[in-house]
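Every chain is numbered from 1 and lettered A, B, ... according to where its sequence line falls, protein lines coming before strand lines.
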Amino acid sequence: MVKMTYAEAAKLALAEEMRRDPLVWAIGEDLGRGGVFGQYLGLLDEFGPERISDAPISESAIMGASVGAAMAGTRPVVEMRFADFALCAVDELINQAAKARYMLGGQVKVPMVIREPMGMWRSSAAQHSQSLESWYTHIPGLVVAVPSTPADNRGLLKTAIRSDDPVVYLEHKNIWGYQGDVPEDETLIPFGKGRLEKEGDDITIVSWSAQMHIAANAATLLQAEGISAELIDLRTLWPWDRQMVFDSVGKTGRLLITHESVSVGGFGAEIAATVAEQLFSVLKSPITRCAAPRVPISYAPPLEAKIRVSSEQIVEAAKKSVAVSAGFK
Amino acid sequence: MIQPPNQNIDKDWFLEHHIMMHRIRAFEETAARANRDKLVLGAIHLSIGQEAIASGVCKNLMKEDFLLSTHRGHGHTLAKGADPEAMMLELLGRRGGICKGKGGSMHIADASVGMLGANGVVAANINIATGAAHAIKLKRESNISCCIFGDGAINRGPFLEGLNWSGVFNLPVLFVCENNGFASTTRTDAMTSGEGAAPRARSMGITATEVDGNDIVSVDEITREYIANIRNGNGPHLISFNTYRLHGHTASDPASYRPAAEVEAAWKEDPIERCSELLSRLGISREILNEHRKIALEEMDRVYKTAKEAPWPSDDNAFSDVQDVGDPREGAF
Ligand SMILES: Cc1ncc(C[n+]2csc(CCOP(=O)(O)OP(=O)(O)O)c2C)c(N)n1
Ligand SMILES: [Mg+2]
């Protein structure tokens, strides 16, 4: 194992894939100077300006040209700078990239990775903070990845680059500097395989991306109160590891889902509905969601904090769920 | 390999254009018939009156060159070398359709001849064609990319973003604007500030010109010249072809929003008739020229008959070609 940050792990993955396959290239605004979060620092020196390419501030062309470049046999890694700006390229991603393979009856494929740094970070307010992962899960044709650790960021980004389909790759801005162990060998992480962050018997907590760390802290706090939570990091939301969630809920009989994004229409709702459909008879208490209120993200730290789901809130919700046991049904 | 016409007009070359234009027209007329017969269910957009652009541009492209087109893309696709039977099967949504019945008219494509797709979203293909050219450059290949779009498309963002991009990266791409006067039921000039596609392109440093798109000789010449420039590494070029959409926006649009006299006058500029006149002046008999239309109609008749008799695609097609991972039926039923 090697210690590195979430950002360094992604950079390592990209460099490894670019060395392996000359058709892999990265394009986005300000990549030459290392990307706005330093996640491309140094790559220009090794790969040159054609493969670590700056782009005009033309999100629709960044996305659309990458669709064409992918159809024509290269593997673009598209940097969107902030997930929020990808909204300037919705047609290119949703109507073009996601559907071209199907609409053309399999005549073309669109192997591209769309990197979208997301989430709340340092008072960035409503246009630089959003987590829109659930939108993308709604679109047939897209893969949706939401890594939370350096090891996952390396392993998933490599799989994404080798994928023949468009992958919306959501890295969380608040954990660029998060340190963790990364395997020495090139471990690819398959899509649709969750990671068991912590084993437990009393309640299953499902999370992803930066919120997973808040949930992990909650699980530790719960342990101190004698509640043993099992924590699953889904890692990808399409496809998602239903089996891992089913197995865990089968054991604990309780489910809490937590994500940073808005609760209404969030991916937590999909998980809750699926578990309710499939495992109704084993549930000992109602499924709980801990996710954001439906307001734009604020600027002032105390206001921004109001929108975050804290470890303490998760602890409270988990305790409530565990307390229900008898009487439900 | 492409044989450029010689100085004094290569008759054989333009006979081939004449044949192709008639095949496009016959395909479109047959598609219109299929629409009246209620066998084409979705909207189709006919390119009747614009055949010289399709034939003139595509004949100067090689099979390896990429082509991206519009909702009005049957002619371009046919001229790029696609099989009309597989196209008609697609329009009728039948088994053997070129997109397996999943796309229909607005997503007609034949990747085996470099035709990477029509598009249901106006202007979307400008960025995609630019990106295909970007891939060509990265791979150090010698083919080019060509994007055909309508005069309405120049008012969408991708026209600015894609053209700027193609200039910034000096990409091998030919932009072709079909200036047919209309965007759906609206006159394009009423919704366009300034002088249109060519001056806008020039303002971004892209070589651009306007040409009579109903004159096959002009279309062929300018396309050949621009493509040669592009192949020589001189970056993106744009041609705006003036033409007229002789039918409605879709096959079921009577286009009653324009005066009959205007349409009548436009028919006098029919590009096929103008090509026939040229060829007859060059000594080709009217008999031979009329035969081209007859043969084309017979071909498309056969194609239509085959398509009508073909079965629907098998049901499993609804769930294939989505993506490599995940079960598309998950959570549904
Ligand atoms: C983004 C988008 N807006 C609107 C439409 C509806 N629409 C389809 S074709 C068309 C007119 C396009 O005009 P033009 O680009 O001149 O092409 P033409 O139909 O004349 O060939 C419109 C408005 C669409 N398909 N896509
Ligand atoms: Mg038009």
Side-chain angles (χ1 to χ4, degrees), chain A residues 22-23 25 27 50-51 53-74 76 88-89 91-92 95-110 140-143 163-167 190-192 236 238-240 242 270 273-274 277, chain B residues 66 68 90 97-104 106-112 116-117 119-121 123-139 141 143 145 147 156-158 160-166 168-169 171 313 317 320-328 330-331:
Chain A
L23 294 173
W25 60 297
I27 176 92
E50 264 199 339
R51 293 182 68 203
S53 182
D54 282 333
I57 307 166
S58 301
E59 283 72 19
S60 119
I62 294 172
M63 193 81 84
S66 296
V67 174
M71 284 180 178
T74 67
C88 300
D91 172 62
E92 288 75 10
N95 286 328
Q96 312 298 334
K99 297 174 175 63
R101 178 174 173 181
Y102 189 86
M103 291 187 301
L104 272 58
Q107 294 186 68
V108 298
K109 289 187 179 173
V110 186
L142 298 179
V143 173
S163 162
D164 280 341
D165 295 310
V167 179
F191 296 141
T236 62
W238 190 268
W240 66 284
R242 288 156 54 109
E270 174 64 26
T274 305
E277 283 169 348
Chain B
F66 297 122
L68 289 114
E90 186 62 29
I98 204 156
C99 301
K100 302 184 190 167
K102 304 185 191 200
M106 274 190 276
H107 305 293
I108 205 88
D110 184 352
S112 73
L116 297 183
N119 210 301
V121 178
N125 266 342
I126 298 178
N127 282 327
I128 295 176
T130 299
H134 206 130
I136 291 169
K137 186 177 179 189
L138 288 171
K139 290 161 88 174
E141 287 176 347
N143 49 333
S145 176
C147 186
R156 281 207 66 231
L160 174 86
E161 294 198 11
L163 262 66
N164 178 63
W165 186 289
S166 72
V168 165
F169 293 103
L171 300 178
N317 277 296
S320 61
D321 301 315
V322 179
Q323 59 187 142
D324 286 339
V325 294
D327 173 3
E330 191 176 297

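Summarising the geometry, atom SG belonging to Cys88(A) is positioned 8.0 Å from atom CD belonging to Glu161(B); distances are rounded to the nearest 0.5 Å. Interatomic distance, CG of Asn127(B) versus CD of Glu59(A), reported as 11.5 Å (0.5 Å rounding). Here the CG-CZ distance, from Leu138(B) to Arg51(A), works out to 9.0 Å after rounding to the nearest 0.5 Å.
Shown here for Asp324(B) and Asp164(A), the closest heavy-atom pair between the two residues is OD2-CB, 3.6 Å. Closest approach of Gly105(A) to Lys100(B), counting heavy atoms only: O-CE, 3.0 Å. Listed here is the closest heavy atom pair of Leu104(A) and Gly117(B): CD2-CA, 4.4 Å. Among all heavy-atom pairs drawn from Trp238(A) and Val325(B), the shortest one is NE1-O, 3.9 Å. When all heavy atoms are compared, the tightest approach of Tyr102(A) to Asn317(B) is OH-O, 3.8 Å. Taking all atoms of both residues into account, the shortest heavy-atom contact from Ala132(B) to Ala72(A) is CA-CB, 3.9 Å.
Heavy-atom pairs under 4.5 Å with chain A peak, among Lys139(B), Met106(B), Glu330(B), at Glu330(B). No other option in Ala69(A), Pro239(A), Gly73(A) has as many heavy-atom pairs under 4.5 Å with chain B as Ala69(A). When each of Gly326(B), Pro158(B), Pro313(B) is scored by its heavy-atom pairs under 4.5 Å with chain A, the top score falls to Gly326(B). Note: Asp110(B) leads Ile136(B), Asp110(B), Ile108(B), Ile126(B) in heavy-atom pairs under 4.5 Å with chain A. With respect to chain B, the highest number of heavy-atom pairs below 4.5 Å among Asn95(A), Asp91(A), Ile57(A) belongs to Asp91(A). Contact count against chain B (heavy-atom pairs under 4.5 Å) is highest for Gly141(A) among Ala98(A), Ser53(A), Gly141(A), Pro140(A). Contact count against chain A (heavy-atom pairs under 4.5 Å) is highest for Val322(B) among Val322(B), Leu68(B), Thr130(B).
If you measure heavy-atom distances from Asp327(B) to chain A, the contacts under 4.5 Å come from the backbone alone. Heavy atoms closer than 4.5 Å to chain A are found nowhere in Ala129(B), neither backbone nor side chain. If you measure heavy-atom distances from Val143(A) to chain B, the contacts under 4.5 Å come from both the backbone and the side chain. Interface residue Gln107(A): backbone and side-chain heavy atoms are both found under 4.5 Å from chain B. With a threshold of 4.5 angstrom between heavy atoms, Ser320(B) approaches chain A through N, CA, C or O but not through any side-chain atom. At a 4.5 Å heavy-atom cutoff, Ser163(A) makes no contact with chain B through either its backbone or its side chain. For Glu50(A), the parts lying near chain B are the backbone and the side chain together; criterion is any non-hydrogen pair under 4.5 Å. In this structure, chain B has a heavy atom under 4.5 Å from the side chain of Leu23(A), while its backbone stays farther away. For Thr274(A), no part lies under 4.5 angstrom from a heavy atom of chain B. Proximity to chain A involves both the backbone and the side chain of Ile98(B), based on heavy atoms less than 4.5 angstrom apart.
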Could you go through the side-chain contact (heavy atoms from CB on, under 4.5 Å) check for Leu116(B) and Val108(A) one step at a time? CA-CA 8 Å; Leu116(B) 297 183; Val108(A) 298; 4.1 Å; yes
Would you check, one step at a time, whether the test side-chain contact (heavy atoms from CB on, under 4.5 Å) holds for Lys99(A) with His107(B)? CA-CA 11 Å; Lys99(A) 297 174 175 63; His107(B) 305 293; over 6 Å; no
Give the C-alpha distance, both sets of side-chain angles, the deciding distance and a yes or no for side-chain contact (heavy atoms from CB on, under 4.5 Å) between Trp25(A) and His134(B). CA-CA 11 Å; Trp25(A) 60 297; His134(B) 206 130; 3.6 Å; yes
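For the side-chain contact (heavy atoms from CB on, under 4.5 Å) with Ile128(B), the qualifying choice from Met71(A), Glu92(A), Met63(A) is Met71(A), the only one to do so.
Here the side chain of Gln323(B) pairs no donor or acceptor atom with the backbone of Asp165(A) at under 3.5 angstrom.
Contact annotation: the side chain of Phe169(B) approaches that of Pro56(A) to within less than 4.5 Å [non-hydrogen atoms, C-beta and beyond].
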